[in-house]
*Asks:* 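Below is the structure I would like to discuss, written out as structure tokens.
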Amino acid sequence: MDVVGHGGSAPAVLSGTGHGAAAGREDGVEVSSPPGREAVRADLEQVFRTAYPRVVAVAARVLGSRDAAEDVAQEVFLTFGRSSVPAGEAVRWLSVAAAHTALNHLRSGRRRASREEAADDGDAVCPDVADAVVTRDERRRVRAALARLPRRQAVALVLRHSGLSYAEVAAALDLSPGSVGTTVRRAESALRKELNRHASSD
């Protein structure tokens with residue numbers, strides 16, 4: 001999986017209005033809710049400042065673009081702000097929701113062109129145009145293969161490659177710590193098979 005920079009600080013203000021949260025409940029994590037008129041939770045700003053870098057990093061692993069990842073973070077935090085997720089589970093919930101929401105964006109094909117352009121802008125100066133083309137094509141193929149994986153495998157792989165420990169991935173996905181390594185290895189194997197299968201069909 002390609003490494004995407006995720007430095008920088010969180011925006012100072014998270015808007016309390018917005019649209020477009022991702023849909024569905026995956027692995028026990030609700031990743032959407034209608035905007036509604038519920039009161040925004042009191043701890044939103046504190047959780048936002050603490051968890052924003054990780055949420056963006058998780059989404060960027062999937063989308064390959066910080067701009068697109070920040071859009072996902074906005075959606076996820078808007079949903080979180082109207083949720084009743086316990087404060088102690090906030091980072092876990094947000095990480096999983098970011099992975100699911102980013103995968104939804106990836107599978108729907110939204111912003112594909114802008115994601116790829118933004119990812120290319122972040123590349124180091126390349127001495128050979130051919131190298132740049134190959135790198136861009138490889139990233140596109142990896143993201144497309146990731147979108148075809150079973151959802152739980154894809155999320156486990158994204159979370160692990162975003163820097164979460166085995167224990168954190170286990171807690172996030174309600175897995176036993178001992179099964180995380182197996183789940184991630186199976187996901188990596190499935191990803192390689194997807195890449196090989198589509199490479200041979202080209």
*Asks:* Please report the shortest heavy-atom distance between A171 and R92, naming the atom on each side.
*Replies:* O-CD, 3.1 Å
*Asks:* Among residues two or more places apart or on two chains, list those pairs meeting salt bridge (Lys or Arg N to Asp or Glu O under 4.0 Å) that have a residue in residues 157-167.
*Replies:*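 The answer is none; no pair qualifies.
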*Asks:* By salt bridge (charged side-chain N to carboxylate O under 4.0 Å, His left out), which residues pair with R186, not counting sequence neighbours?
*Replies:* none
*Asks:* Is there a donor-acceptor contact under 3.5 Å from the side chain of E168 to the main chain of S165?
*Replies:*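 Yes; judged by distance alone, with no hydrogens or angles, the pair exists.
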*Asks:* E188: what forms a side chain to side chain donor-acceptor pair (under 3.5 Å) with it, not counting sequence neighbours?
*Replies:* H161
*Asks:* Partners of A147 by side-chain contact (heavy atoms from CB on, under 4.5 Å), sequence neighbours excluded?
*Replies:*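 Once residues adjacent in sequence are excluded, the partners of A147 under the side-chain contact (heavy atoms from CB on, under 4.5 Å) criterion are L106, R107.
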*Asks:* Please give me the minimum heavy-atom distance between A69 and A60, naming the atom from each residue.
*Replies:*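 That closest heavy-atom pairing would be CB-N, 3.5 Å.
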*Asks:* Return the CG to CG distance between L159 and L173, rounded to the nearest 0.5 Å.
*Replies:* 5.5 Å
*Asks:* With sequence neighbours left out, what residues match R41 under side chain to side chain donor-acceptor pair (under 3.5 Å)?
*Replies:*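 With sequence neighbours excluded, R41 shows a side chain to side chain donor-acceptor pair (under 3.5 Å) to D43, S83, given in chain and number order.
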*Asks:* Would you say the side chain of R143 lies within less than 4.5 Å of the side chain of V62, judging by non-hydrogen atoms?
*Replies:*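 Side-chain contact under 4.5 Å: no.
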*Asks:* Are side-chain heavy atoms of L146 and V158 found at a separation under 4.5 Å?
*Replies:* yes
*Asks:* Under 4.5 Å between any side-chain heavy atoms of R148 and L191, yes or no?
*Replies:*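 Heavy-atom side-chain distance check fails, nothing below 4.5 Å.
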*Asks:* Search all heavy atoms of L195 against all heavy atoms of R141 and return the closest pair with its distance.
*Replies:*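 Heavy-atom minimum between the residues: O-NH2, 3.1 Å.
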*Asks:* Does the plane of the ring in F77 sit parallel, tilted or perpendicular to the ring in F80? Use 30° and 60° as the thresholds.
*Replies:* perpendicular
*Asks:* Which one of V58, T50, T79, V76 satisfies the side chain to side chain contact (heavy atoms under 4.5 Å, CB included) criterion with L94?
*Replies:* V76
*Asks:* I'd like to check E75 versus H105 (side-chain heavy atoms, cut-off strictly below 4.5 Å). Are they in contact?
*Replies:*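 They are in contact (side-chain heavy atoms under 4.5 Å apart), so the answer is yes.
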*Asks:* So, for Y52 and A73, which heavy atoms are closest and what is the spacing to 0.1 Å?
*Replies:* CE1-CB, 3.9 Å
*Asks:* For a quick test of reading the model, state the closest non-hydrogen atom pair linking V184 to A156 and the distance between them.
*Replies:*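 For V184 and A156, the tightest heavy-atom pair comes out as CG2-O, 4.1 Å.
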*Asks:* Looking at L164, V96, V155, which hits side chain to side chain contact (heavy atoms under 4.5 Å, CB included) with V169?
*Replies:* L164
*Asks:* Is V91 reachable from L78 through a run of I, L, V, M, F, W or Y residues, each pair having side-chain heavy atoms under 4.5 Å apart?
*Replies:*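 Looking at the clustering, V91 is in a separate group from L78.
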*Asks:* If you look at every heavy atom in V47 and A90, which pair is closest and at what distance?
*Replies:*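 What the structure gives for the nearest pair is CG1-CB, 3.8 Å.
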*Asks:* Checking side chain to side chain contact (heavy atoms under 4.5 Å, CB included) for the pair V180/R185: CA distance, chi angles, key distance, verdict?
*Replies:* CA-CA 9 Å; V180 172; R185 284 193 296 274; over 6 Å; no
*Asks:* Are L44 and V72 connected in a single hydrophobic cluster, I mean Ile/Leu/Val/Met/Phe/Trp/Tyr linked by side-chain heavy atoms less than 4.5 Å apart?
*Replies:* yes
*Asks:* For S179, check side chain to side chain donor-acceptor pair (under 3.5 Å) against everything at least two apart and list the hits.
*Replies:*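 S179: side chain to side chain donor-acceptor pair (under 3.5 Å) contacts with S176.
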*Asks:* Can you check whether S95 reaches R54 side chain to side chain, under 4.5 Å on heavy atoms?
*Replies:*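 Sidechains of R54 and S95: in contact.
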